[in-house]
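Take a look at the structure set out below.
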Amino acid sequence: MRIRLVVALVGAFVALGAVGSAKGDPLNDGAITLTLYNCTGPAGTPSTFQGTKVLSGANSLHLLDGTTIFRRTSIFDPVTEVLYTWGLQNNDRPLVTCTVVDPFTGHVLVVSGFFAPVGDDGA
């Protein structure tokens with residue numbers, strides 16, 4: 001049962017959008033635009049940011065500025081108490097924590113990760 005919840009949560013995050021909406025781009029491999037908000041982190045952390053994500057299991061969100069990615073390290077659903085983590089190392093990079101509404105469940109998820117240049121493999 002717990003494995004199904006984790007799979008459902010991961011699948012839901014792939015399609016996350018701002019306040020329950022996701023915009024698909026059929027000309028760009030079906031990429032969707034996501035909004036993360038109420039972000040906290042080191043000085044200079046934006047309170048809200050948007051990026052695009054191709055529907056896959058990858059953990060990167062390409063910010064709309066075109067030069068930065070957000071590498072997720074964890075997602076937590078406080079309602080189901082399910083935590084999903086990736087094996088990425090942040091290598092002492094400051095972590096950013098944001099919230100986002102799951103458009104399928106309406107749950108507010110807590111997402112943590114770090115900013116990196118496009119092409120960064122997280123190592």
Item checked: Stepwise side chain to side chain contact (heavy atoms under 4.5 Å, CB included) test for Thr73 and Leu95 -> CA-CA 9 Å; Thr73 57; Leu95 289 178; 4.1 Å; yes
Note to self: Ignoring hydrogens, what is the shortest heavy-atom contact between Thr45 and Val96? Give both atom names and the distance.
What the structure shows: CG2-CG1, 3.7 Å
Check: How long is the gap from CG on Asn38 to SG on Cys98, to the nearest 0.5 Å?
Finding: 8.5 Å
Margin query: If you apply the rule side chain to side chain contact (heavy atoms under 4.5 Å, CB included), what do you find for His107 with Thr80, and how did you get there?
Written below: CA-CA 9 Å; His107 297 179; Thr80 62; 3.9 Å; yes
Check: Taking the side chain as C-beta and beyond, is there a heavy-atom pair between Thr67 and Pro117 under 4.5 Å?
Finding: no
Notebook entry, point to check: Any chance the side chains of Ser112 and Thr97 put a donor and an acceptor closer than 3.5 Å?
Noted result: yes
Notebook entry, point to check: Under a 4.5 Å cut-off applied to non-hydrogen side-chain atoms, are Thr35 and Thr48 in contact?
Noted result: yes
Note to self: What verdict does the side chain to side chain contact (heavy atoms under 4.5 Å, CB included) test give for Val108 and Val100, after you've listed the backbone C-alpha separation in whole Å, the side-chain angles of each residue and the deciding distance to 0.1 Å?
What the structure shows: CA-CA 6 Å; Val108 176; Val100 65; over 6 Å; no
Note to self: Please confirm whether the ring centroid of Phe70 lies under 6.0 Å from the ring centroid of Phe49.
What the structure shows: yes
Notebook entry, point to check: How about Val111 and Phe76: do any of their side-chain heavy atoms sit closer than 4.5 Å?
Noted result: no
Margin query: Testing the basics here: between Pro42 and Pro94, what is the closest heavy-atom pair and its distance to 0.1 Å?
Written below: CG-CB, 3.4 Å
Note to self: Working to the nearest 0.5 angstrom, can you tell me the gap between Phe115 CZ and Leu61 CG?
What the structure shows: 9.0 Å
Next item on the list: Say whether, by atom type as modelled, one donor and one acceptor occur between the side chain of Thr99 and the main chain of Tyr37 under 3.5 angstrom.
Entry: yes
Check: When rounded to the nearest 0.5 angstrom, what distance separates CG in Leu64 from OG1 in Thr52?
Finding: 6.5 Å
Next item on the list: Could you tell me the separation between the CG atom of Leu63 and the CG atom of Leu36, rounded to the nearest 0.5 Å?
Entry: 9.0 Å
